[in-house]
Novice: 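Can you read through this structure? Questions will come right after.
Just so we're clear, the structure is a prediction, and the values are computed from it rather than from any experiment. When reading the values below, keep in mind they use all heavy atoms of this one structure, side chains included, and skip hydrogens, waters and symmetry mates.
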Amino acid sequence: MSRPSATEPAEPTGKRLTKGERTRARILVAAEQVFADLGFHDASIVKITEAAGVGQGTFYLYFTSKIEVFDEVVEDLNRRVRHAMIEASSQAETRIEAERAGFRAFFRFTAEHPALYRIVRQAEFVSPGALRLHYTRIVEGYRDGLATAQAAGEVGDIDPEVAAWALMGIGEIVGMRWVLWGPDVAPGGPTSAVPPEVFEQAMTFIERALAPGRAGEERP
């Protein structure tokens with residue numbers, strides 16, 4: 001799947017960007033590509049501005065350093081993936097339907113934006129604070145949704161925060177295995193998709209883990 005061009009940043013629905021906002025967005029798109037392709041240490045402001053089609057002076061109108069734009073890319077990816085998951089699951093009538101929709105949206109997003117994996121994993125060494133913020137923001141909303149479903153009897157007796165971290169781990173590793181490391185994927189090349197049978201196996205596991213059990217009975 002193709003990624004957006006560094007010269008064509010996506011505009012938020014219903015919002016018309018100013019010239020300055022479009023330029024800043026173009027730099028972020030370019031930085032996402034450069035960091036994903038080269039890694040933080042081999043990336044440079046020169047390479048980012050070349051990919052964005054702007055001068056270095058323009059870069060410094062919006063960012064003070066390479067690490068600042070890196071952190072902003074992590075935050076931007078986080079915002080977009082959360083939006084994709086929330087939008088997909090918001091119409092679901094049950095928690096399991098919401099899980100299916102959210103996971104499907106997550107895998108689709110990561111296939112279209114492999115930088116989510118490649119850049120976020122770099123953040124462990126480059127910017128640990130950005131890494132922690134990325135995961136905790138996802139978990140906070142996830143935890144609240146699970147707690148609400150638990151109160152409604154849709155989720156079993158499990159700590160919502162522990163469940164949120166565990167489910168996020170499933171999405172991350174399953175996606176990495178089949179999106180980045182699929183049999184038809186060359187290292188660093190175009191991504192693949194999570195096969196339908198793999199998706200269904202993962203969802204069966206998740207459904208059984210979350211299923212409410214009857215009093216005195218063990219869950220399957």
Side-chain angles (χ1 to χ4, degrees), residues 1-5 10 13 29 32-33 36-37 74 76-122 134-135 137-150 152-156 158-213 218-220:
M1 298 184 184
S2 63
R3 284 177 288 176
S5 164
T13 303
V29 172
E32 177 183 328
Q33 293 181 353
D37 293 343
V74 173
D76 185 58
L77 285 166
N78 175 271
R79 176 186 56 79
R80 285 187 284 149
V81 72
R82 285 188 294 115
H83 175 77
M85 294 169 68
I86 292 169
E87 186 175 52
S89 61
S90 61
Q91 301 303 313
E93 296 184 0
T94 68
R95 186 65 215 181
I96 293 304
E97 289 176 3
E99 292 294 336
R100 293 182 68 88
F103 268 83
R104 199 180 297 278
F106 177 79
F107 292 142
R108 182 169 55 247
F109 184 92
T110 54
E112 295 172 351
H113 303 277
L116 182 69
Y117 287 126
R118 295 169 181 160
I119 292 177
V120 167
R121 294 184 76 79
Q122 292 175 47
H134 168 71
Y135 287 126
R137 279 182 173 173
I138 293 175
V139 163
E140 285 169 359
Y142 212 158
R143 177 196 60 211
D144 294 345
L146 288 170
T148 299
Q150 190 175 58
E154 295 185 62
V155 172
I158 185 172
D159 186 313
E161 181 154 0
V162 174
W165 282 101
L167 290 170
M168 185 171 61
I170 291 172
E172 175 120 341
I173 299 303
V174 169
M176 188 179 302
R177 165 60 180 84
W178 277 276
V179 172
L180 289 188
W181 301 343
D184 56 339
V185 176
T191 57
S192 186
V194 175
E197 63 273 17
V198 172
F199 180 81
E200 292 302 329
Q201 285 289 315
M203 293 313 305
T204 296
F205 182 88
I206 290 167
E207 184 171 356
R208 289 176 177 175
L210 295 180
E218 293 185 358
R219 282 177 283 174

Novice: Closest approach of Ala111 and Pro114, non-hydrogen atoms and distance?
Specialist: O-CD, 3.9 Å
Novice: How about Tyr142 and Glu99: do any of their side-chain heavy atoms sit closer than 4.5 Å?
Specialist: yes
Novice: What heavy-atom pair brings Ala98 and Ser89 nearest, and what distance separates the two atoms?
Specialist: O-CB, 3.5 Å
Novice: Between Glu200 and Arg100, does any side-chain N to carboxylate O distance fall below 4.0 Å?
Specialist: yes
Novice: Within this structure, what is the CD1-CZ distance for the pair Ile170 and Phe106, rounded to the nearest 0.5 Å?
Specialist: 11.5 Å
Novice: Quick one: does Gln33's side chain have a donor or acceptor within less than 3.5 Å of a partner on Val29's backbone?
Specialist: no
Novice: Would you check if Asn78 and Val120 make a side-chain contact, meaning some heavy-atom pair closer than 4.5 Å?
Specialist: no
Novice: Measure the shortest side-chain to side-chain distance between His134 and Leu77 over non-hydrogen atoms and say whether it is less than 4.5 angstrom.
Specialist: no
Novice: Around atom CD of Glu197, are there more than 12 heavy atoms of other residues, nucleotides or ligands at under 6.0 Å?
Specialist: yes
Novice: What are the two closest heavy atoms between Ala163 and Leu146, and how far apart are they?
Specialist: CB-CD1, 3.8 Å
Novice: First locate atom CZ of Phe199, then atom CH2 of Trp178, and finally report the distance between them rounded to the nearest 0.5 Å.
Specialist: 13.0 Å
Novice: Side-chain contact test, heavy atoms from C-beta onward, threshold under 4.5 Å: evaluate it for Arg104 versus Met203 and give yes or no.
Specialist: no
Novice: Looking at every heavy atom in both Ala105 and Met85, which two are closest together, and how far apart are they?
Specialist: CB-CA, 4.1 Å
Novice: Look up atom CD in Gln91 and atom CD in Glu97, then write down how far apart they are to the nearest 0.5 Å.
Specialist: 11.0 Å
Novice: I'd like to know if Arg80 and Glu112 make a salt bridge, using a cut-off of under 4.0 Å between side-chain N and carboxylate O.
Specialist: no
Novice: Report yes or no: does Gln150 contribute a side-chain atom to a donor-acceptor pair with the main-chain N or O of Ile158 at less than 3.5 Å?
Specialist: yes
Novice: Using 0.5 Å steps for rounding, measure from the CD1 atom of Ile96 to the CD1 atom of Ile206.
Specialist: 8.0 Å
Novice: Ignoring hydrogens and angles, tell me if any N or O in the side chain of Tyr117 forms a donor-acceptor pair with the backbone of Met176 under 3.5 Å.
Specialist: yes
Novice: Specify the closest pair of heavy atoms between Pro160 and Arg143, including all atoms of both residues, with the distance to one decimal.
Specialist: CB-O, 3.7 Å
Novice: Do Thr148 and Arg95 make a side-chain contact, defined as non-hydrogen atoms from C-beta onward lying under 4.5 Å apart?
Specialist: no
Novice: Using 0.5 Å steps for rounding, measure from the CD atom of Glu172 to the CZ atom of Arg121.
Specialist: 6.0 Å
